[in-house]
Every structure is written in structure tokens, then in C-alpha cells.
Amino acid sequence: MIWPAVVTGLALIALGLVLRVAPIDAPVVEALNASHTGAWGRTANVIYLSLEPVPSALLTLVILASIAVVRRSLRTGVVFGGVVALTWLPTEVIKLVVDRPRPDALALAHPFSPAPVDASFPSGHTTFVATLAIAFWFLLRGTRWAALPLIAGTAATVTIGLAVVSDGVHYPTDVAASILWALAMAPVARWVMVDLVPAGLFRIARSHDRPRRR
């Protein structure tokens with residue numbers, strides 16, 4: 001079950017190390033950043049700042065709580081939050097391993113301020129949005145609303161991808177890597193939350209329920 005995520009993670013690390021020394025998509029960043037003006041420029045900035053790690057974590061908690069209330073199931077809310085966390089947070093590990101620099105601010109017409117100081121590959125913002133969409137699809141599949149997270153999630157992922165590249169804080173390949181990671185890791189995260197964790201808790205509970213030998 002975990003092998004698709006492991007293989008994808010290793011492949012992305014290898015790709016990231018290559019792109020680190022050969023930023024072939026830098027011209028795309030420069031071209032999109034040149035259009036980072038007016039209403040779109042302000043919107044892209046707001047999108048990026050609104051989905052920084054702390055606001056994103058708080059948003060996940062709000063969604064988790066809302067799902068628990070609407071579904072009257074704390075477990076359903078916790079599974080949703082776990083899928084998001086277990087898919088989104090490992091991108092920080094990939095970032096540390098690859099350590100790809102952000103696009104060169106000196107080559108951009110409208111550099112972002114304040115400039116991010118962490119690594120670029122993959123995009124945590126894009127991973128978060130894509131993972132939210134997948135988690136909502138897991139929640140709604142089999143219902144008449146199943147198409148909604150696919151449509152809205154695709155639109156949101158494309159928008160955040162354009163925003164972070166237009167802001168000049170990510171390369172297009174950072175965005176693509178994030179989407180691939182979310183698609184590979186989210187099913188594993190759901191398996192962990194739905195099957196692995198409950199099974200482990202059940203075994204622990206059973207071990208405590210066994211009568212102690214005298």
C-alpha cells in the first residue's frame with residue numbers, strides 16, 4: 001500500500017536534485033511574474049499569504065471540527081484532518097533533502113516581499129490545496145456531491161499553482177511535483193487513518209483488557 005508513495009517520493013527527490021542545478025523552467029517564472037500586476041498581482045499575494053502554514057493548519061482544524069459536527073462523527077473529522085496532515089507535512093522533508101533555491105528575485109520584474117527563506121521544491125501551498133480536494137473527494141465519494149471536490153479542487157489547485165509561480169516564489173515544476181505527491185500520498189494517508197491506526201488502537205485496547213497473570 002505504501003509503495004506508490006515511496007516510489008513517488010524517491011522519484012521526486014531525484015527530479016528535484018536535477019532541477020536544483022538545472023532550473024529549466026526559470027523562464028516560465030519570469031514570464032508569469034511579469035504579469036504580476038494590478039488585481040491579479042494583489043490577488044496572488046493574498047492567496048499565498050492566506051495559505052501559509054499557520055493559517056492552513058487553522059483552516060484544517062476548522063474544517064475537521066465542521067465535518068465532525070455535520071456528520072456527528074468525531075472519527076470522520078479526525079480522518080479528514082489526518083489525511084491532510086499526513087500528506088501535506090512530509091513535503092517539508094522533501095524540501096530539506098532537495099534544498100532547491102527559490103527563483104532568483106533579481107531576475108524578476110516583481111519579486112515577492114518578504115522573500116521566502118525555505119527551499120522551493122515542492123510547493124507546500126499547492127500540496128495543501130490539492131490534498132484538501134482529495135480529502136473532500138474521499139469524504140463525498142459515493143454521494144451526489146462527489147463531482148464537486150473534483151471540479152472545485154482542480155480549479156483551486158490550478159489557481160494556487162498560477163499564484164505561487166506568478167508571485168515568483170515557486171517554479172512550475174515545484175507545483176507539478178506537489179500535485180504528484182498529493183495524488184500518491186493521500187490514499188496512503190487515508191489507509192493509515194482508516195485501517196492502520198484503528199487496528200493498532202484495537203490491539204492496544206485488547207492487550208490492556210487481558211487479565212493479568214498471578
Side-chain angles (χ1 to χ4, degrees), residues 5 36 39-96 102 112-141 143 145-170 174-194 197:
H36 190 270
W40 166 245
R42 291 190 294 272
T43 301
N45 286 347
V46 170
I47 290 173
Y48 183 81
L49 293 172
S50 299
L51 293 174
E52 286 280 72
V54 172
S56 294
L58 292 176
L59 176 60
T60 302
L61 290 174
V62 170
I63 296 173
L64 182 162
S66 301
I67 291 171
V69 171
V70 172
R71 288 292 186 92
R72 297 181 179 179
S73 170
L74 179 60
R75 179 178 181 272
T76 302
V78 170
V79 167
F80 181 94
V83 169
V84 173
L86 292 177
T87 304
W88 174 38
L89 296 179
T91 57
E92 293 302 315
V93 177
I94 299 176
K95 279 189 175 189
L96 289 173
R102 298 278 180 167
F112 190 85
S113 181
V117 295
D118 60 336
S120 181
F121 183 97
S123 164
H125 285 63
T126 307
T127 303
F128 176 73
V129 173
T131 303
L132 276 184
I134 297 170
F136 271 116
W137 181 77
F138 285 147
L139 181 68
L140 297 174
R141 64 179 175 176
T143 73
W145 306 106
L148 183 60
L150 296 178
I151 297 171
T154 299
T157 302
V158 170
T159 300
I160 186 64
L162 288 173
V164 297
V165 176
S166 174
D167 282 337
V169 295
H170 278 294
D174 298 341
V175 172
S178 302
I179 296 170
L180 290 174
W181 173 254
L183 291 171
M185 184 61 196
V188 177
R190 186 178 185 277
W191 168 70
V192 170
M193 294 303 300
V194 172
V197 170

ask   = Side chains of K95 and F121: closer than 4.5 Å at any heavy-atom pair?
value = no
inquiry  = Please report the interatomic distance OG1(T126) to CG(D174), rounded to the nearest 0.5 Å.
reply    = 8.5 Å
inquiry  = Are the side chains of V175 and H125 in contact, using a 4.5 Å heavy-atom criterion?
reply    = no
task = Locate the shortest heavy-atom distance separating A130 from A182; write the atom from each residue and the value.
result = CB-CB, 3.9 Å
request  = Give the minimum heavy-atom separation between V83 and A186, together with the two atoms involved.
outcome  = CG1-O, 4.1 Å
query = Looking only at heavy atoms, which two atoms of A68 and L74 are closest? And how far apart?
reply = CB-CA, 3.9 Å
query = Can you tell me if S56 uses its side chain to pair, donor with acceptor, with the backbone of L51 under 3.5 Å?
reply = yes
inquiry  = Taking ring pair (Phe, Tyr, Trp, His ring centres under 6.0 Å) as the definition, give me every residue that meets it alongside F138, ordered by chain and number, with sequence neighbours left out.
reply    = none
ask   = Got a second to check how far I47's CD1 is from R42's CZ, nearest 0.5 Å?
value = 13.0 Å
Any M185 side-chain heavy atom under 4.5 Å of T91 side chain = no
message = Quick one: does any side-chain atom of W88 pair with a main-chain N or O of L132 as donor and acceptor, under 3.5 Å?
response = no
note = Closest heavy-atom pair, H170 versus P122, reported as atoms and distance to 0.1 Å, is CE1-O, 3.9 Å
request  = Side-chain contact test, heavy atoms from C-beta onward, threshold under 4.5 Å: evaluate it for T60 versus F128 and give yes or no.
outcome  = yes
ask   = What do the steps show when you test S166 against W40 for side chain to side chain donor-acceptor pair (under 3.5 Å), and what is the final call?
value = CA-CA 9 Å; S166 174; W40 166 245; 3.0 Å; yes
request  = To the nearest 0.5 Å, tell me how far F112 CZ sits from R102 CZ.
outcome  = 9.5 Å
ask   = If you measure from CD1 on I179 to OG1 on T154, what distance do you get to the nearest 0.5 Å?
value = 9.0 Å
note = Interatomic distance, OG1@T157 vs CG@L162, rounded to 0.5 Å, equals 11.0 Å
inquiry  = Please give me the minimum heavy-atom distance between L140 and R71, naming the atom from each residue.
reply    = CD2-NH2, 4.1 Å
inquiry  = Checking F80 now: which residues fulfil ring pair (Phe, Tyr, Trp, His ring centres under 6.0 Å) with it, not counting sequence neighbours?
reply    = F136
W181 to P90 - nearest heavy-atom pair and separation = CZ2-CB, 3.8 Å
task = Could you check if a side-chain atom of P55 sits within less than 4.5 angstrom of a side-chain atom of S50, using non-hydrogen atoms only?
result = no
ask   = When rounded to the nearest 0.5 angstrom, what distance separates OG1 in T87 from CD1 in I134?
value = 7.0 Å
message = Using only atom types and a distance under 3.5 Å, with no angle test, would you say the side chain of T143 pairs donor to acceptor with the backbone of W145?
response = yes
